[in-house]
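For reference, the structure discussed in these notes is given below.
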Amino acid sequence: MSKSLANLTVQQLLPLAFVRGEAVHKRPDDLYIPPDALEVMLDAFEGPLDFLLYLIRKHKFDIVDLPVNDITLQYMEYIELMQGLNFELAAEYLVMAAMLAEIKSRLLLPRHSQAEDDEDDPRAELIRRLQEYEVYKQAATELDSLPRDERDYFGARARLADNFNPLVILPDVQLTELVLALQSIMRRAKDFQHHHIKREHLSTRERMSRILALLQQHHGYLAFADCFELTEGREGVVVSFLAILELTKEKLVEIIQVEVCGQIHVKVARDNR
Amino acid sequence: MIQKINDIQLLQLIEAAIFASEQPLSIAELQATVLQRFSVSNGRIDVTIRQLQQDYSARGIQLQQTASGYRFQTRPELSDDLAQLWPERTARYSRAVLETLALIAYKQPLTRGEIEAVRGVAVGSQIMRSLLDRGWIKVVGHKEVPGRPGLYATTALFLDYFGLKSLSDLPSLPEFTELTADLLPTVEMTGELH
Amino acid sequence: MIQKINDIQLLQLIEAAIFASEQPLSIAELQATVLQRFSVSNGRIDVTIRQLQQDYSARGIQLQQTASGYRFQTRPELSDDLAQLWPERTARYSRAVLETLALIAYKQPLTRGEIEAVRGVAVGSQIMRSLLDRGWIKVVGHKEVPGRPGLYATTALFLDYFGLKSLSDLPSLPEFTELTADLLPTVEMTGELH
């Protein structure tokens with residue numbers, strides 16, 4: 001399991017945190033919450049909106065009518081209680097208290113003119129926020145209850161068979177890369193004093209390889225005539241002949257004739273140095 | 001080059017591929033990998049997958065379709081007993097994580113500031129970090145406001161994990177539609193409430 | 001506390017546990033984890049596992065017994081096709097490999113020592129190895145000098161890969177085309193190198 005998962009998960013809830021969930025609603029309807037429970041309770045809230053929602057639900061206030069007076073009084077009461085406990089109040093809770101006080105003060109102001117009818121109820125924004133928060137709080141609960149990997153089911157995997165070999169994709173090479181590589185060698189080779197450039201038919205080099213491979217197939221010994229493929233015509237015969245000469249010159253093969261006018265053989269060169 | 005494959009071989013190959021793959025496999029992925037040297041129509045793969053689903057319908061594991069493809073997973077009824085295989089593993093998430101995730105899932109794309117505005121509380125960096133690390137959310141862009149905050153959205157991995165084929169499979173938010181409708185009369189009612 | 005479990009449930013639970021576990025599961029581990037709240041004899045587990053082995057005998061995966069327990073694994077015949085799921089791309093060839101290949105192509109047959117003489121640097125065994133493994137070069141003989149070094153040449157596979165009918169189809173080097181259209185340059189070794 002990844003480290004990040006550990007960050008995401010929470011410890012089992014402490015028994016005191018019964019204020020979350022249904023336990024909260026079963027409590028007597030009086031306002032009093034024991035101070036030691038309050039601290040645990042605050043931990044259980046996801047912020048002042050959550051806390052406010054709790055107060056509203058607890059007292060069965062209609063959120064649409066939002067009795068700001070009652071709620072403000074109660075909210076302030078808790079805040080004082082928390083301060084009395086040296087509870088470090090999050091700024092958000094104090095902002096909420098200030099907002100409630102502000103709404104209350106605006107509601108207390110007498111209304112003068114018809115024009116003010118169009119003005120938003122100061123409670124409207126708070127109600128909107130509370131309702132929106134409650135929607136997503138509920139959505140989070142539903143998300144949590146969805147059947148989920150690693151809790152409600154587990155991935156079913158099978159190993160690969162013992163004879164499994166990974167597919168290795170070998171690098172692609174373009175013909176132009178070969179030419180460029182050779183060009184770069186040639187440029188460098190010019191700098192070598194003891195090399196000189198010579199021209200040669202490439203087909204001769206290829207035929208040299210072919211004759212050597214043919215000799216290898218025949219244990220290094222082949223009749224001279226068998227080195228030629230007559231179907232290739234005159235040009236092919238010439239290329240083969242040049243290749244044999246070049247192989248001889250490079251001391252890679254020997255040409256043997258045991259008796260005059262006898263059979264000529266081509267043989268892979270041995271210790272001729 | 002293109003070869004034929006009979007129905008039994010096709011079923012075995014698709015079955016083995018889904019079991020061997022770490023991630024769910026889509027039909028397109030099957031075509032591009034294990035089936036690439038065979039000529040198999042998508043319709044024939046569909047039939048094969050339905051056959052597999054039927055073969056496993058009464059077994060301890062099932063073939064499920066998720067957002068990114070098909071995967072085998074254990075029967076939900078067995079989860080309590082199977083959890084004994086990993087006594088140290090916990091699959092609980094904090095409310096802060098779940099609320100943040102729910103907001104991103106339903107309101108995406110949105111910024112951390114927008115999440116905080118709804119929740120009425122700061123969203124810790126470690127919450128965003130761990131959701132990002134888990135691969136459940138990602139930054140899909142930046143909002144053109146000062147600071148250019150990242151816009152978060154959920155990933156296919158999130159859908160896979162919660163067994164959803166798409167975001168539309170998320171439970172609907174019934175109260176939300178009521179809410180916007182209710183708000184107007186509420187605002188209009190203010191006169192009587194004074 | 002100890003509960004009964006029927007044969008179907010037992011089979012499903014053992015099946016799901018082996019599939020879900022990262023490691024092979026032994027009968028003792030099954031007893032200690034998923035079966036801990038049930039009263040099941042080892043003999044009954046044995047029977048269940050034999051049943052599972054039979055159930056999977058003709059499928060794309062099989063139930064195998066390993067030293068540390070039971071696990072499901074893919075059918076060996078499917079390995080080649082499954083390999084397509086995780087292709088491993090190797091790094092591009094280095095300049096040294098390309099130069100070596102170019103020299104063998106244009107100057108074959110030649111020895112490693114001759115390649116080194118032209119390139120002016122040592123040619124590592126792994127360079128020759130990678131070209132031999134790729135099937136692009138082969139040893140066509142041995143040069144009769146001390147140590148009898150192998151003579152390298154390109155293969156038919158090399159020609160196929162580059163779409164050439166014969167080596168004479170290799171492009172001529174632009175800077176030497178003015179010398180002759182059809183002839184290609186060759187670097188000849190000095191006497192000391194032979």
Which residues pass the ring pair (Phe, Tyr, Trp, His ring centres under 6.0 Å) test with A:H265, not counting sequence neighbours?
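With sequence neighbours excluded, A:H265 shows a ring pair (Phe, Tyr, Trp, His ring centres under 6.0 Å) to A:Y221, given in chain and number order.
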
To the nearest 0.5 Å, tell me how far [X] [atom1] sits from [Y] [atom2].
X      : Y      : atom1 : atom2 : answer
C:Q84  : A:I169 : CD    : CD1   : 7.5 Å
A:L178 : C:L98  : CG    : CG    : 6.5 Å
C:W86  : A:L160 : CH2   : CG    : 4.5 Å
C:L101 : A:E177 : CG    : CD    : 10.5 Å
A:L167 : C:R89  : CG    : CZ    : 9.0 Å
C:K138 : A:Q216 : NZ    : CD    : 8.0 Å

Any side-chain heavy-atom pair of [X] and [Y] under 4.5 Å:
X      : Y      : result
C:L164 : A:L175 : yes
A:I211 : C:V140 : no
C:Q108 : A:M208 : no
C:T74  : A:F164 : no
C:T66  : A:R159 : no

[X] atom [atom1]: more than 12 heavy-atom contacts under 6.0 Å:
X      : atom1 : result
A:Q263 : CD    : yes
C:N42  : CG    : yes
A:I264 : CD1   : yes
A:F241 : CZ    : no
C:R148 : CZ    : yes

Segment of A:N165 engaging chain C (4.5 angstrom heavy-atom cut-off):
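Only the backbone of A:N165 comes within 4.5 Å of chain C.
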
Check whether A:Q217 gets within reach of chain C through its side chain, its backbone, both or neither, counting any heavy atom under 4.5 Å.
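For A:Q217, there is no contact with chain C at all, as no heavy atom is under 4.5 Å.
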
Of the non-hydrogen atoms in [X] and [Y], which two are nearest, and what is the gap between them?
X      : Y      : result
C:F162 : A:Q174 : CE2-C, 3.9 Å
C:Y161 : A:P171 : OH-O, 4.1 Å
A:P166 : C:E88  : CB-OE2, 3.1 Å

Counting only heavy atoms closer than 4.5 Å, note whether [X] contacts chain A via side chain, backbone, both or neither.
X      : value
C:T100 : neither
C:I61  : side chain
C:R95  : side chain
C:R71  : side chain
C:Q64  : neither
C:Y56  : neither
C:I104 : neither
C:A91  : backbone

Between C:S168 and A:E206, do the side chains contain an N or O donor and an N or O acceptor separated by less than 3.5 Å?
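Short answer, no.
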
Under a 4.5 Å heavy-atom cutoff, which of A:L215, A:D172, A:L247, A:V268 has the most pairs with chain C?
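Top count of heavy-atom pairs under 4.5 Å with chain C: A:D172.
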
Counting heavy-atom pairs closer than 4.5 Å to chain C, which one of A:A156, A:A158, A:S209 comes out on top?
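It is A:S209.
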
For C:Y93 and A:V173, what are the C-alpha separation, side-chain angles and deciding distance, and is it a side chain to side chain contact (heavy atoms under 4.5 Å, CB included)?
CA-CA 8 Å; C:Y93 287 126; A:V173 178; 3.3 Å; yes

Residue among [options] with most heavy-atom pairs under 4.5 Å to chain A:
options                      : result
C:L151, C:D133, C:L85, C:L78 : C:L151
C:A153, C:G141, C:P76        : C:P76
C:E22, C:Q62, C:R75          : C:E22

